[in-house]
Amino acid sequence: MIPRRRFLMGSLASAAFAAPAGFVRGAPVAFSADPFTLGVASGCPRQDRIILWTRLAPQPLDGGGMWDAPVDVEWQVAEDEAFSRIASRGVVRTTAGLAHSVHAEATGLRPDRLYWYRFRAGPALSPVGRTRTAPAESARPFRFAFASCQQYEQGYFAAYRDMAARDLDLVVHLGDYIYEKSWGSHHVRQHGVGIPTTLEEFRNRYALYKSDHDLQAAHAAFPWLSVWDDHEVMDDYANDRSYTVRDPAQFLKIRAAAYQAYYEHMPLPPSARPRGADATIYEHYRFGDMLDVLLLDDRQYRSASACVGSGRPTWVSDCAGRTDETRTMLGEKQEQWLDARLRESRGRWTIVAQQTLMAQDKRDGDDGPHFWMDGWDGYPNARRRLLDSLVAHRRRNPIVIGGDRHAFFAADLKHDLARPDGPTIATEFVGTSISSDGPSESSVRKALAENPHLAYARGDRRGYATVELDARHCTVGFEALDDVKDARSTVRRLTTFVVEDGAPGAKTA
Ligand SMILES: [Fe+2]
């Protein structure tokens with residue numbers, strides 16, 4: 001294991017690159033301070049390529065502190081930490097229009113290999129990141145972590161420090177990477193400003209979150225796959241609808257700024273770059289014949305919330321509109337894309353990576369059943385179509401992972417929700433939150449009591465989940481912080497589940 005400190009040590013004085021590569025309109029680049037304040041990251045691993053990310057931001061919390069002119073940033077990928085065997089290199093021209101962020105695609109790499117990477121702008125050298133390409137085969141177990149929901153004020157990112165020290169092939173982030181608003185009590189640190197609505201304000205919010213060294217360490221240690229949920233834009237929004245900003249045209253302006261800032265701060269491929277308020281971030285990743293990951297975007301294309309009018313999609317009693325067949329969670333295009341990908345996936349394990357709990361979480365009220373309209377329960381026919389796809393294409397070992405709920409869940413997904421004793425067709429795991437406040441004890445107890453397919457629920461602990469896949473088992477660990485308010489908190493495993501090859505359903509290990 002490589003000590004974390006080494007990833008974080010950049011140096012303005014290092015002369016390890018052959019020659020300075022950065023220029024501003026022909027003049028040498030001179031920074032007022034270290035421009036690599038937000039660390040480095042990699043993502044979207046393929047067998048022969050990977051995306052490398054950084055952003056030049058000498059004054060990260062105040063717009064970045066860069067000038068308007070483009071700056072060339074040189075990058076290197078090496079087979080060794082000393083950069084003596086360079087495997088890939090290039091130069092990216094960063095611009096103010098992209099907040100001087102870098103999204104470099106390093107190609108010509110070999111499968112299932114560790115690589116080290118770094119950037120240089122003028123005299124400034126970035127910290128070193130480590131990454132790993134996707135395997136071509138499946139000779140060894142594949143390990144990844146998944147995480148979500150990191151409200152900065154409510155706790156420290158100690159979970160990421162623990163994650164960074166593990167031996168992982170990948171991290172999957174399922175949304176709420178930033179929060180637009182302050183909520184909850186017992187804050188340990190402050191946003192310091194209000195709700196962002198402009199591009200500059202969203203950039204500053206990402207910079208604040210990314211200034212956290214534990215988060216930087218987890219980015220520098222592994223490649224990530226990331227999708228957004230709602231708080232990257234606005235609480236519980238659906239497509240162009242928000243209960244906070246009710247004019248869709250006005251809301252889409254905010255969404256455009258928010259998507260742009262998300263792209264600028266994540267190791268996403270250039271294909272994910274927003275065009276106005278639209279950006280394609282759903283994607284299919286293959287990891288040898290062990291694993292297919294289908295990364296879904298269930299925010300951007302979904303139908304407006306059911307049964308709540310223009311109000312907040314929370315726990316409300318059922319209504320006829322909820323079961324309208326035309327309601328969609330993924331949008332027609334993504335739904336068709338997913339069906340085609342499920343048809344052609346060949347991996348032993350299929351991970352459907354999406355934002356929230358897919359299993360039904362029905363709560364009985366005096367006036368009949370209540371549902372959380374912001375989740376899949378608000379889109380039951382879209383969920384049924386997704387499960388139909390899994391069954392129709394006989395996907396081997398489908399595992400759904402999610403976030404959003406700020407609680408750990410394990411569930412057996414049934415094809416027919418009306419028959420809770422019917423066959424289980426997929427297994428679901430929801431990681432808790434990295435730091436965001438969880439649900440009340442009574443809410444979690446109700447969920448377990450009223451939904452027999454939920455095998456486990458626990459809302460009082462923050463953390464993340466780990467997954468290890470081999471030819472016979474998928475082993476899921478729920479990793480929990482002792483105290484999210486303690487920056488040095490340790491992490492301990494709460495419980496372990498196993499899914500056996502060919503036998504869907506969460507079993508306690
Ligand atoms: Fe969240």
Side-chain angles (χ1 to χ4, degrees), residues 145-160 162-163 173-177 179 181-188 229-231 235-236 312-316 354-365 370-378 400-413 427-467 476-486 489-497 506 508:
F146 65 94
S148 58
C149 298
Q150 48 203 44
Q151 215 284 358
Y152 179 85
E153 299 169 303
Q154 291 172 4
Y156 293 106
F157 295 167
Y160 281 125
D162 179 80
M163 190 190 287
H173 197 281
L174 299 171
D176 291 357
Y177 188 92
Y179 277 73
K181 64 179 180 181
S182 300
W183 54 283
S185 54
H186 306 295
H187 289 175
V188 298
D229 193 21
D230 54 333
H231 286 287
D235 183 37
D236 289 351
R312 186 173 181 215
T314 173
W315 292 106
V316 297
Q354 47 83 55
Q355 282 76 11
T356 186
L357 177 72
M358 192 173 284
Q360 181 170 280
D361 184 6
K362 178 166 71 79
R363 310 288 174 91
D364 290 325
H370 286 215
F371 295 101
W372 180 255
M373 293 300 172
D374 188 56
W376 284 96
D377 281 341
V400 175
I401 60 171
D404 176 53
R405 298 296 298 270
H406 307 177
F408 288 113
F409 285 97
D412 295 339
L413 286 172
T427 320
E428 175 169 28
F429 298 97
V430 174
T432 186
S433 54
I434 288 289
S435 60
S436 307
D437 287 354
S440 69
E441 192 58 43
S442 65
S443 167
V444 170
R445 227 180 301 121
K446 260 176 160 287
L448 281 172
E450 296 176 25
N451 298 280
H453 49 273
L454 295 181
Y456 182 93
R458 184 157 176 180
D460 63 333
R461 302 292 290 277
R462 315 279 64 83
Y464 63 100
T466 53
V467 183
V476 177
F478 285 169
E479 320 291 351
L481 282 167
D482 287 325
D483 180 6
V484 73
K485 311 290 185 190
D486 174 5
S489 175
T490 48
V491 167
R492 278 182 276 196
R493 183 169 289 195
L494 274 185
T495 187
T496 306
F497 288 96
T508 307

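What you see is a predicted model, and the numbers here were worked out from it, not measured in a lab. Counting begins at 1 with the first residue of the sequence.
Listed by chain and residue number, nothing satisfies the side chain to side chain contact (heavy atoms under 4.5 Å, CB included) test with S185 (two or more places apart in sequence, or in another chain). Every residue meeting the side chain to side chain contact (heavy atoms under 4.5 Å, CB included) condition with Y177, not counting sequence neighbours, appears here in chain and number order: Q150, H173, Y206, K210, L215, H219, W224, E232, M266. Evaluation of the side chain to side chain contact (heavy atoms under 4.5 Å, CB included) rule for V491 yields D162, R166, E479, L481 as partners, not counting sequence neighbours. Among residues two or more places apart in sequence or in another chain, the side chain to side chain contact (heavy atoms under 4.5 Å, CB included) test is passed with A359 by L357, A411, L413, E428, H453, L454. For D235, the side chain to side chain donor-acceptor pair (under 3.5 Å) partners at least two apart in sequence or on another chain are K181, H231, Y243, R312. Partners of Y156 by side chain to side chain donor-acceptor pair (under 3.5 Å), not counting sequence neighbours: none found.
Taking each heavy atom of Y464 and F408 in turn, the nearest pair found is O-CE2, 3.5 Å.
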Is there a side-chain hydrogen bond (donor to acceptor under 3.5 Å, both in side chains) between T466 and R493? Walk through the geometry before answering. CA-CA 10 Å; T466 53; R493 183 169 289 195; 3.3 Å; yes
Step by step, work out the side-chain contact (heavy atoms from CB on, under 4.5 Å) result for H187 and Q154. CA-CA 5 Å; H187 289 175; Q154 291 172 4; 4.0 Å; yes
The test is side-chain hydrogen bond (donor to acceptor under 3.5 Å, both in side chains); show your working for Y456 and T495 and say whether it passes. CA-CA 10 Å; Y456 182 93; T495 187; 5.4 Å; no
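A donor-acceptor distance shorter than 3.5 angstrom exists from the side chain of D412 to the backbone of A506, with no hydrogens or angles considered.
In summary, the side chains of S489 and D482 do not present any donor paired with an acceptor at a separation below 3.5 Å, with no hydrogens or angles considered. S443 and R363 share a side-chain donor-acceptor pair at under 3.5 Å.
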